[in-house]
Amino acid sequence: MKAKKTKKISIPKAYEPQKVEERIYKTWEKSGYFNPDKLPNKKSRKQKFFIPMPPPNATGILHMGHTLMLAIQDAQIRFHRMCGKKTLWIPGTDHASIATQNVVEKLLLKKGITKEDLGRKEFLKEVDKFVKNSKNTIKTQIKKMGSSCDWSRERYTLDKGMSEAVKTVFIKMYNDGLIYKGFQMVNWCPRCSSTLADDEVNHKEINGNLYYIKYPIKDGGFLTVATTRPETMLGDTALVVNPQDKRYLDFIGRTSVMPITKREIPVLADDYVDIEFGTGVLKVTPGHDPNDFTLGKKHKLDVIDIFDDKGKIDKKSAQYHNFEKYEGLDRQQARKKIVKDLQNEGYLIKIEPHKHNVGHCYRCETIIEPKVSSQWFVAVNKKIHLKNSKTKKSLKQKATEAVKSGKIQIIPKRFEKTYFHWMENLHDWCISRQIWFGHQIPAYDCLDCEEVIVAEKKPKACPKCKSKRIIQTPDTLDTWFSSGLWTFSTLGWPKNTKDLKEFHPADLMETGYDIIFFWVARMIIMSEYALGTIPFKKVYLHGLVRDAKGVKMSKSLGNVIDPLEMSEKYGADATRLSLIIGNSPGNDLKLSEEKIASFRNFSNKIFNIARYTILNSKPKKIISKNLTLADKWILKKLNTLNEELTEHYQNIELSQAGEKLREFIWGDLADWYVEISKTQKQDVLKDVLRQVLVLAHPLIPFLTEYLWELAGFKKGDKKLLIVEPWPKKIKLSSSKNVEQDFQMLKDVIVAIRNIRSEYKIEPKKKISAILHSKKRKTLFEHKEAIKLLAGLSDIQIEKSGKKPQNCAEAILKDSTLYIPMGDLIDPQKELTRIQKELKEAIEFRASIQRKLDNQEFIKKAPKHIVKQQEEKLKEQNKKIKNLEDKLRFF
RNA sequence: GGGCGUAUAGCUCAGUUGGCUAGAGCGCUUCGUUGACGUCGAAGAGGUCUCAGGUUCAAGUCCUGAUACGCCCACCA
């Protein structure tokens, strides 16, 4: 109970992460341990563990989503590194073609410059300049979070090696007939002036209208068409009705003279048309609707493209097809004007409000225009002989099998269904983009004979017509085409490198569920195609980080919580913990500054436990003899913690790992063991601290490494915590009953505290207690602890004895506690207390009794459950008897 | 139109294969300057586990249905 004098080692009173994090990170970097080739005990590292880091966009700044991914991956990497695996985490950045080009375009526009002003070459120089700069920013930020990734292997999706990989795959796919150029309906973003893949289009419900328009028929009569997009009528090339539709039988085969343009189009029959919808008459615009395109193909209709690349009514088309008066109007303007004209000329019958889904660009939110053009596609349904496959299979089949066979495991499992569903419905993937920034397609067009040549280098002459007028296709590739190669291109593919052989496939792919299709699916397709293997064994999908109210964070809403600001304020460890604890795969996370602050408190608590241990623990070396009940208890708890954490880390259940850690450190260690240790001549604090630091390190890297050093566990420059082997369980002899015995000790202390609280006894005031207990010896060992923790001046512990007078009492499992109150005793208070306790006990006993009276329960429930109930009953009976005895005195 | 998820204390969430007098953190109430920590400690209040059925000796946990909220996918003009 005498407070130990703290020695004069100067350790600050509170943890100041700002002062240590940067230094610790540099120490790690200098050690070389981020690099698997420089790890200690190299020979014994038989297993490997590899994570390719999802590359953040090169232009971005770090947001909570990144921080979350870094925290999870770093925890995994650190755990497996400590477990003795050869661990590799490759960092990198993504060039994010459309996104980056948009950003730079906007910046230039502020200076009044368009990209066309600069020309392709100069513009790309500008982009590169910009990327170079922001790449460094994000790199520094990744380091700030403590990420232990191998910077010597850092990659960029547009670096030389990557371009090599992209070219190789493209050419191989082309030669295998899996990449083709085709004239097809694609999603066109008029703002970006580029195509988009199907999954880059977001469908949103829009309150639109259905316009009913009269189409006059030659030789009399008219048909009424319902459309949501009247402006597309400029490109109509037919009307179609269902041949079963009796209303229109007479019209089939006749000709309509269209309103406005007065073009003549046929009335056709096709059972594609839904009789029920609208008027049952469909206007066909093969140039601007995917269905109409298919229908048009079937009926060999002309395709009229009425828009230019910016989504405005095209000049040439307007001249040719007789709608010059709309030339240059954008889609909205054209719609307005056409509706007005239709109305004036008496062709508009009515307008009905109509909800429908409209596609939007996922980058800039502009409404997508379906448009027919010549683009490059990956054929996903074409069956060929793929690597490591005996029979002919399509890319889609291979990618589906990879998951279905269990070779790839998706966490959480429910996303496997989503994945299959998406794969089943996958159409050919449009991979060409009319963007300047990106991997330019390795295809060359002969300007004289229009021959297309796919090759690594520009051919000297056209193989067909020998012309030398050859240019490279201006289009670039979809960003996801190159990031699809990420798991193996980062390892040096197409060269057959040592890294590739050693590390592929990755052990874990950790990314957001929002890019399961964009990226995860593409990586599976690409790896199966190029290498004939899976890209990774596990996919762990994290959710979105939202604000405290569950709203998506966005600059415009001003609800963004900045990870760097938070790390500066509360420490990177606290920021990481706030994202890990209370989070589960596939679910969104609500984050608030308060939550982060609460983990700062936790860090500080750990710091102070360590501080106390360093300054006061006795002895400084591991002991195993003469352990007290408390010593054995905390060591046993530590063993359990070790076991549980090991499993949680292995299964990527980091939230549970974090909670268990907090429970142990704050609950068991700080609130109980540290306090009790103050009454002991020697303790095991140092051993416990040592192991706790190891177990906590994957989740709390900075602080633990710092304390490791402070506590003197770091023996020699190379012995950093980051490479400390994962601890084995501590051997404990004779630890039977430790938990029950310690629980009894806790119960006694809590009971006294309770009485103090009820009687409002000042904490300063020391009182005495008398304890009659069957386990006298066990409690006696920690007599001083009871005194310290319950604020007693004195305690008598006897096997049994006479009931003392004027006491507050508490009935415990094997003991009865008396607190002499003298005049302070309030019989009424005691009576109420006992009565309340008795009532609860009786109710509880009744519920157990009911169970035990039930013959079915006795017959069918497992033996140990029945026994458990019987014991509970006994316990309650004893308690009730004691309480009733006490009542008799009142 | 198809599919999926969630519903437990004021808030954020745990609750493994059914055995629970239903837990934690934050918040709240009362009390406290016990030399590791006020970024702390002690004690406490607070829940018919969304609703209705069912299976079972036993249901927060499994099944069916309903309701609410959320998400994803989709070319019906």
Side-chain angles (χ1 to χ4, degrees), chain A residues 1 3-6 11 13-15 185 198-199 203 210 225-229 232 240 272-274 276-279 281-285 289-294 354 356-357 359 370 412 414-415 417-418 421-422 425 513-514 516-517 544 548 550 570 581-584 586-592 594-595 597-598 600-616 653 655-656 659 662-663 666-667 670-671 674-675 678 750 753-754 756-758 760 762-764 788-789 791 840-841 843-844 847-848 851 854-862 864-866 868-869 872:
Chain A
M1 281 178 353
K4 310 293 160 328
K5 282 255 169 73
T6 43
I11 301 177
K13 280 203 143 198
Y15 176 45
M185 178 63 63
D198 290 344
D199 48 309
H203 289 91
L210 255 185
V225 171
T227 178
T228 54
R229 299 193 56 195
T232 61
V240 185
Y272 165 79
V273 177
D274 182 351
E276 305 292 321
F277 189 88
T279 59
V281 185
L282 173 70
K283 67 187 232 358
V284 187
T285 322
D289 184 281
N291 289 309
D292 292 11
F293 180 71
T294 318
H354 176 69
H356 63 134
N357 283 306
R414 70 185 135 94
F415 279 96
K417 252 188 218 167
T418 322
H421 181 255
W422 186 80
N425 295 305
Y513 66 70
D514 50 330
I516 178 167
F517 306 133
L544 242 58
Y570 303 108
I581 295 187
N583 193 359
S584 56
N587 293 322
D588 292 352
L589 172 79
K590 288 180 195 168
L591 185 70
S592 60
E594 293 79 65
K595 189 176 176 190
S598 80
R600 182 267 321 265
N601 298 356
F602 181 43
S603 317
N604 189 57
K605 188 75 186 180
I606 299 174
F607 176 82
N608 271 290
I609 291 167
R611 182 174 190 266
Y612 177 80
T613 301
I614 293 163
L615 298 176
N616 299 294
E653 296 155 347
S655 181
Q656 284 100 312
E659 301 234 32
R662 177 167 60 186
E663 217 172 281
W666 213 320
D671 292 343
V674 169
E675 293 307 315
K678 291 175 183 170
V750 169
R753 285 171 174 172
N754 264 319
R756 295 188 69 117
S757 169
E758 265 170 70
K760 304 222 182 303
E762 286 171 67
K764 260 193 269 182
L788 177 70
L789 296 194
E840 276 168 12
E843 272 166 20
F844 185 35
S847 82
I848 303 165
K851 270 187 209 170
N854 184 341
Q855 284 312 305
E856 294 295 300
F857 174 73
I858 304 289
K859 243 194 294 184
K860 290 181 182 166
H864 72 275
I865 297 290
V866 178
Q868 201 184 69
Q869 293 300 322
K872 274 187 191 171

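By convention in this document, chain letters (A, B, ...) are assigned in the order of the sequence lines, proteins followed by strands, and residues within each chain are numbered from 1.
- Residues satisfying the salt bridge (Lys or Arg N to Asp or Glu O under 4.0 Å) test with A:Asp199, not counting sequence neighbours, are A:Arg522.
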query: Given Watson-Crick or G-U pairs with both distances under 3.5 Å, what dot-bracket string fits RNA chain B, with | for other-strand pairs and [ ] for crossing?
result: (((((((..((((.....[...)))).(((((.......))))).....(((((..]....))))))))))))....

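- Evaluation of the salt bridge (Lys or Arg N to Asp or Glu O under 4.0 Å) rule for A:Glu856 yields A:Lys859, A:Lys860 as partners, not counting sequence neighbours.
- Checked against side-chain hydrogen bond (donor to acceptor under 3.5 Å, both in side chains), A:Tyr513 has the following partners two or more places apart in sequence or in another chain: A:Asp588.
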- prompt: Just by protein heavy atoms under 4.0 Å, how would nucleotides 67-74 of chain B read 5' to 3' in B, S and -?
  reply: ------SB

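- Applying the salt bridge (Lys or Arg N to Asp or Glu O under 4.0 Å) test to A:Glu653 and every residue at least two apart in sequence or in another chain returns nothing.
- The ring-ring contact (aromatic ring centres under 6.0 Å, His included) test applied to A:His356 returns A:His354, not counting sequence neighbours.
- For A:Asn357, there are no side-chain hydrogen bond (donor to acceptor under 3.5 Å, both in side chains) partners at least two apart in sequence or on another chain.
- With sequence neighbours left out, the ring-ring contact (aromatic ring centres under 6.0 Å, His included) criterion links A:Phe517 to A:Trp422.
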Might you list the N or O atoms of the protein lying below 3.5 Å from N or O atoms in nucleotides 5-12 of chain B, with each pair's distance?
{"from": "B:U12", "atom 1": "OP1", "to": "A:Lys590", "atom 2": "NZ", "distance (Å)": "3.2"}

message: Does the protein touch nucleotides 16-24 of chain B at the base, only the backbone, or not at all? Give it as B, S and - per nucleotide, heavy atoms under 4.0 Å.
response: ---B-B---

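- With sequence neighbours left out, A:Tyr570 forms a ring-ring contact (aromatic ring centres under 6.0 Å, His included) with no residue at all.
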